[in-house]
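Structure first, commentary second.
Read the numbers this way: they start at 1 and go in the same order the structure lists the ligands and their atoms.
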Amino acid sequence: MKYEGSVYRPPSEAHSLIIQVTIGCSHNSCTFCPMYADKKFRIRSFEEVFADLEEARRENSHVERIFFADGDALCLSTEKLTPLLGAAKAIFPECGRIGVYGRAENILQKSDKELLRLKDAGLGIIYLGAESGSSEVLKRVNKKETPDEIVEAVHRAESAGIPVSVTFISGLGGREFLEEHAVQTGKMIGAMGASYVGLLTLMVAPGTPLWDDVASGRFIQLKTDEVLKELEHILINANCEKDCVIRSNHASNRLVIKGTLPDDKECLLNQAHRAMHDEKMLRPDRFRGF
Ligand code: SF4
């Protein structure tokens with residue numbers, strides 16, 4: 001398989017077959033994101049993707065999961081995405097799940113009927129980067145969507161039977177918005193009803209606008225104890241009515257936690273609290289990565 005440029009996928013898709021159905025990200029403007037800066041966004045043709053699927057079939061005797069990249073492949077219209085899901089299912093009948101990265105806007109542009117159609121065609125999970133529950137933080141990082149839009153998008157996909165895995169970035173508000181980012185992120189986790197939540201920790205990448213903000217002193221990054229304090233506030237404010245698996249297993253995190261809200265809330269809070277006083281619970285800084 002030949003891939004165009006760097007290819008990213010969620011940690012839980014580590015063993016999946018990755019198929020690029022789009023190249024780059026159609027938004028490509030978040031101030032912290034270096035992932036697709038060098039790619040000009042485009043949609044690959046059905047023929048190109050179909051050829052990749054057939055080639056992958058020849059190379060793989062068994063494929064459990066497929067992941068459609070790049071950054072927001074869910075921006076494809078239902079008319080374009082449905083045949084691709086169908087082709088993937090037909091070529092890999094053993095495949096149990098097809099996942100995709102998507103933005104809130106991509107979901108909101110689809111009707112409830114279309115979301116059901118995509119689910120029936122095989123779409124098994126959407127990975128959505130909410131990044132923060134704070135409207136101020138989202139505005140500052142040029143995220144495009146508002147907290148209300150993100151909550152609505154997650155609700156709509158989950159109601160159509162498509163589980164959503166939503167990521168947030170610890171430290172994205174910097175020191176100035178630590179409290180606001182933590183409280184509003186916790187509230188969003190409680191309100192949106194996602195099946196999964198993933199927590200990443202901000203790592204500022206060279207070449208991004210956020211890198212310049214750090215260099216000029218406009219943005220002050222959190223230290224590890226502040227990230228843990230933020231995590232505590234996120235958890236305290238995350239009052240989920242429906243089960244939500246929450247984890248921080250991304251390579252950027254120093255503390256790895258995993259549990260299900262609301263049942264494991266006390267246990268997770270306890271871990272965050274203990275980690276503030278026990279360095280051994282933390283992944284060494286040198287092992288962190290994007
Ligand atoms: S964070 Fe997501 S939406 Fe923003 S530029 Fe990166 S890939 Fe695109």
Side-chain angles (χ1 to χ4, degrees), residues 3-13 16 18-44 67-77 81 99-110 125-154 157 164-174 177 181 184-185 188 192 194 196-214 219 221 248 250-253 289-290:
Y3 292 110
E4 279 193 45
S6 305
V7 176
Y8 299 89
R9 46 98 189 133
S12 48
E13 301 286 342
S16 306
I18 314 284
I19 297 288
Q20 287 176 297
V21 304
T22 55
I23 302 297
C25 164
S26 70
H27 178 49
N28 210 18
S29 300
C30 299
T31 64
F32 57 88
C33 178
M35 297 201 299
Y36 306 103
D38 58 341
K39 290 184 180 180
K40 189 169 167 0
F41 176 77
R42 74 178 171 89
I43 294 171
R44 297 184 78 212
F67 181 71
F68 281 174
D70 274 343
D72 61 342
L74 192 62
C75 72
L76 289 186
S77 65
L81 194 49
V100 69
Y101 274 139
R103 294 184 299 107
E105 182 184 64
N106 306 150
I107 297 173
L108 295 178
Q109 283 168 342
K110 293 173 174 63
I125 187 164
I126 297 170
Y127 295 90
L128 185 151
E131 330 302 4
S132 176
S134 155
S135 56
E136 186 56 38
V137 173
L138 292 178
K139 238 185 275 163
R140 284 176 179 241
V141 300
N142 203 20
K143 189 64 197 172
K144 200 170 184 192
E145 292 99 352
T146 65
D148 284 350
E149 287 168 339
I150 294 169
V151 170
E152 189 192 338
V154 174
V164 187
S165 177
V166 185
T167 50
F168 294 91
I169 305 179
S170 295
L172 193 62
F177 287 94
H181 173 62
Q184 298 308 325
T185 293
M188 185 185 272
M192 68 188 176
Y196 306 96
V197 160
L199 299 173
L200 283 64
T201 304
L202 180 67
M203 295 187 77
V204 182
T208 58
L210 191 57
W211 177 271
D212 297 336
D213 287 346
V214 172
F219 184 93
Q221 294 187 78
S248 65
H250 188 263
S252 61
N253 296 308
F290 286 112

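- With salt bridges taken as basic N to acidic carboxylate O contacts below 4.0 Å, none links Glu4 and Lys39.
- Side chains of Ile125 and Tyr196 form a contact here, defined as non-hydrogen atoms less than 4.5 Å apart.
- Remark: aromatic rings of Tyr101 and Phe67 are close, center separation under 6.0 Å.
- Taking the six-membered ring for Trp and the full ring otherwise, Tyr36 and Tyr8 have centroids separated by under 6.0 Å.
- Using a 4.5 Å heavy-atom cutoff, the side chains of Glu145 and Leu138 are not in contact.
- Within the protein, the number of N, O or S atoms lying under 2.8 Å from atom 6 (Fe) of ligand 1 is 1.
- Looking at Thr31 and Arg140, their side chains never come closer than 4.5 Å, going by heavy atoms from C-beta outward.
- For atom 3 (S) of ligand 1, the nearest protein heavy atom (residue, atom name, distance) is Arg103 CD, 3.3 Å.
- Near Ser29, with a cut-off below 4.0 Å to any heavy atom, the atoms of ligand 1 are 5 (S).
- Between Ile126 and Asn106 there is no side-chain heavy-atom pair separated by less than 4.5 Å.
- By the criterion of a heavy-atom distance under 4.0 Å, the side chain of Lys143, and not its backbone, is placed next to ligand 1.
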